[in-house]
Undergrad: 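Got a structure here, written out as structure tokens. Questions coming.
Each chain gets a letter, A, B and so on, in the order the sequences are listed, and its residues count up from 1.
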Amino acid sequence: MDLAFTPEEQAFREEIRAWVKGNLPEDLSHKVHNALRLTRDDMQRWAKILGKKGWLGHGWAKEFGGPGWTAVQKHLFEEECALAGAPRVVPFGPVMVAPVIMAFGNKEQQERFLPGIASGEVWWSQGYSEPGSGSDLASVKCKAEREGDHFIVNGQKTWTTLGQYGEWIFCLVRTSTEGKPQTGISFLLIDMKTPGVTVRPIKLLDGECEVNEVWFDNVKVPANNLIGEENKGWTYAKHLLSHERTNIADVNRAKRELERLKRLAKTEGVWDDARFRDQIALLEVDIVALEMLVLRVLSAEKSGKNSLDIAGLLKIKGSEIQQRYSELMMLAAGPFAMPFIEEAMEAGWQGNYPGGVTANAPLASTFFNMRKTTIYGGSNEVQRNIVAQTVLG
Amino acid sequence: MDFDFSDDQEQLRDACAKWVEKGYSFERRRATVAAGGFDRKAYNEMAELGLTGLYVPEDLGGMGMGPVEGMVTLQELGRGIVIEPLTQALIAGAVLAGYAPDAVKADWCGKVASGEALVVLAHTERGLRYRTDSCKASATQNGESWALTGDKNVVPVGDQADAFLVPAMANGKMAMFLVERSAKGVSANGYGTQDGGRAAEVSLKDAPATLVTLDGQTALEHAIDIGIAATCAEAVGVMDQTLAITVDYMNTRKQFGVVISSFQALRHRVADMKMQLELARSMSYYASLKLNAPTNERRAAMARAKVQLGNSMRLVAKDAVQLHGGIGVTDEYIVSHYFKKLTQMEIAFGDTMHHLGEVSSRMQDTAGVFA
């Protein structure tokens, strides 16, 4: 047993740190460190910088052009990026659809889609949830009917994150109503520029349009966009969910945000208030405990011993922590988190924020935005069902 | 970064688990509680396994092992809610070996390791709460010899221990001494504790004492940190077993015609228990792996660990009883004894609120590299 990373792992961390320092544009890290609004261009710019280095698909195996890193190396890379204030990699392409294409797509599909994902050129979206299918994902109704060498897709997807920027979307579509709901689902890649695809942004409680509704009205999709076999999509989706298990905890970002919380608490004069400071201390303990949990998973992956089936725990704890730090930041600002001035959340705004500290401008917005974390990716109640299943049978 | 156990550590775990399973039945424990809360025979059995000498160096008659071995051991003892305080042997072994003059080490370390001498930490005093920088007990020097006067409270198995590690003020600074229970001027009044164990009020009146170290604060803080890491490990074992007992019960007990494990309201509580258990296990690893870190880093780590463990113990203990329903609050059924053990362990070596204060006052600007 050893808590320290090996000298090789340390050296790897140093290498990543130096590279990120030299390549992460300062205007981007400034925005991330201060929770200012990121544009499509901001996110794309960082994705392409990583893509050029071959690290956008940093979890990819060498045979697909990835760096072939170990689980620990991936973790260290993500940590260094997060602590440096890099924008989060939009996961739908490199983290979510790419592994499915690698595992279940054919060679032609791999050659066609993977390069655009690896370089950051093509923006992918996820078409899973539907108005009637949230936690009960197996009940998807969006229909794809085979007509010769095409599928005709009709239906609706929703909560499509950043779908307004999407160029391609991977969808779970209903191709059969026979048997169990899970056995009639297929995994289909759809070009969002195809006639019949309509995207409508949904304005959320924070005033932002982070998610969208996507409609398919007789959308003609070539049959060779089907991944794997028809009606096996549920299996592929489950493979995707089991991928990148520690990612969901987002502990690296939590560490960065804890630093920001402490800065805010000092500026706002609550750092010396024992009641407030104890709450920060409690959050710090939570984050250390979550990190130890993540490291245990990584250690198990490294050695193949003591394997841990605790993805549900990581999701629950990670999401609760995200909500808590955003809440404490807002409470640190107190009354100065009340003014909701949208322009003040843009980098370079020169106006006067009430109370004088522009850093407080996005706090309420972030707190609102974080409501999603215990709902998406399988709500925390669904996660508790999964955890209970492993304990109680 | 590696959380696998070595083959030797696994063997130690197996040996401990075997003793708990075969040698430390619930009936035996119950009889011990009824007889006052301490069984020297059981303590000696642990000594025969080498457990009392885990932290005593080999050249002083011990096993010369480290915090991970301590953790592995305490986890298994926790599973069986073993009442005899092995943690005290770990503290005594490490403190004497680490701080005492050579002659004192030569006299005592071997006896601690063999189980011949049960030496316990006697540091709690009324009004001090969890302070480690001073106390009311005082020491006076007369030539080479020392004499101690003062009262120490809630001393683990204080009326049956052979000697005490006692912090006392010497010339305005806290020092650490060793006092034999049989010495003149020492009295100990024993009583039961809430977990079924035993403690005593120890009174010292000009009691002859052996100096362990003049830097009593450093030694005491180290002793307490060894106690925290051991308690964290023990708590993980207790919680592991508490959850297992609860799961068994829920999969057997029927209400409304079905096993109660089928009710979602109850299943979610089990998920929460599992969460707390795994966070606790993670922080128990953290505590053990930080026990040999430089003092400030070690102290901060122990405080963090004890906060997590305290919160976990409270939730697991309360939910286990609640999920059992009426049977959970009976003395006859085993789960209430796990509940009481967890309750007392949250208080031992500083409760959750105290350690939260420690974490709070030690917080750095940055998140730092935690691991």
Undergrad: Under a 3.5 Å distance rule, please check whether B/R298 uses its side chain to pair with a backbone N or O of B/K290 as donor and acceptor.
TA: no
Undergrad: Contact part of B/M363 toward chain A, heavy-atom cut-off under 4.5 Å: side chain, backbone, both or neither?
TA: both
Undergrad: Under a plain distance cut-off of 3.5 Å, with no hydrogens placed, do A/N34 and A/K31 share a side-chain donor-acceptor pair?
TA: no
Undergrad: Between B/Q264 and chain A, with a heavy-atom cut-off of 4.5 Å, which part of the residue counts as in contact: side chain, backbone, both or neither?
TA: side chain
Undergrad: So what's closer than 4.5 Å to chain A heavy atoms on B/L266: side chain, backbone, both or neither?
TA: neither
Undergrad: Which distance, rounded to the nearest 0.5 Å, do you find between the CD of B/Q308 and the CD of B/Q276?
TA: 5.5 Å
Undergrad: Taking A/S319 for its side chain and A/T374 for its backbone only, find out whether a donor-acceptor pair lies under 3.5 Å.
TA: no
Undergrad: Between B/R304 and B/Y286, does the side chain to side chain donor-acceptor pair (under 3.5 Å) criterion hold? Intermediate values first, please.
TA: CA-CA 9 Å; B/R304 285 166 165 179; B/Y286 178 75; 2.7 Å; yes
Undergrad: In terms of heavy-atom proximity below 4.5 Å to chain B, should A/E257 be classed as side chain, backbone, both, or neither?
TA: neither
Undergrad: Let me know if B/R269 has heavy atoms under 4.5 Å from chain A in its side chain, its backbone, both or neither.
TA: neither
Undergrad: For chain A, which of B/A305, B/S282, B/G357, B/S288 has the most heavy-atom pairs under 4.5 Å?
TA: B/S282
Undergrad: For chain B, which candidate among A/R296, A/E381, A/R277, A/R260 shows the most heavy-atom pairs at distances under 4.5 Å?
TA: A/R296
Undergrad: Please classify the contact between A/K305 and chain B as side chain, backbone, both or neither, with a heavy-atom cut-off of under 4.5 Å.
TA: both
Undergrad: Quick one: which of B/N311, B/L243, B/D272 has the most heavy-atom pairs under 4.5 Å with chain A, could you say?
TA: B/D272
Undergrad: Of the backbone (N, CA, C, O) and the side chain (C-beta and beyond), which part of B/N251 lies under 4.5 Å from a heavy atom of chain A, both, or neither?
TA: side chain
Undergrad: Just by modelled atom types, is the A/M370 backbone N or O under 3.5 Å from a matching donor or acceptor in the A/Q322 side chain?
TA: no
Undergrad: Does the distance from a Lys or Arg side-chain N to an Asp or Glu carboxylate O, for A/E259 and A/K262, drop under 4.0 Å?
TA: no
Undergrad: Name the member of B/K274, B/M353, B/H268 that forms the most heavy-atom pairs with chain A at distances under 4.5 Å.
TA: B/H268
Undergrad: Please determine, among A/R263, A/Q383, A/K266, the option with the most heavy-atom pairs under 4.5 Å with chain B.
TA: A/K266
Undergrad: Given that the side chain runs from C-beta out, which part of B/V68 has a heavy atom under 4.5 Å from chain A: side chain, backbone, both or neither?
TA: side chain
Undergrad: Side chain, backbone, both or neither: which part of B/V247 has an atom under 4.5 Å from a heavy atom of chain A?
TA: both
Undergrad: Check whether B/D248 gets within reach of chain A through its side chain, its backbone, both or neither, counting any heavy atom under 4.5 Å.
TA: neither
Undergrad: Mind checking whether A/W69 and A/F77 have parallel, tilted or perpendicular rings, split at 30° and 60°?
TA: tilted
Undergrad: In terms of heavy-atom proximity below 4.5 Å to chain B, should A/Q389 be classed as side chain, backbone, both, or neither?
TA: both
Undergrad: Using atom types as modelled and distance alone, determine if a side-chain donor or acceptor of A/S133 lies under 3.5 Å from a backbone N or O of A/S139.
TA: yes
Undergrad: I'd like to know if B/R362 and B/E358 make a salt bridge, using a cut-off of under 4.0 Å between side-chain N and carboxylate O.
TA: yes
Undergrad: Top residue by heavy-atom pair count (under 4.5 Å) with chain B, among A/V387, A/V285, A/L392?
TA: A/L392
Undergrad: For the residue pair A/Q73 and A/E9, confirm or rule out a side-chain donor-acceptor distance under 3.5 Å.
TA: no
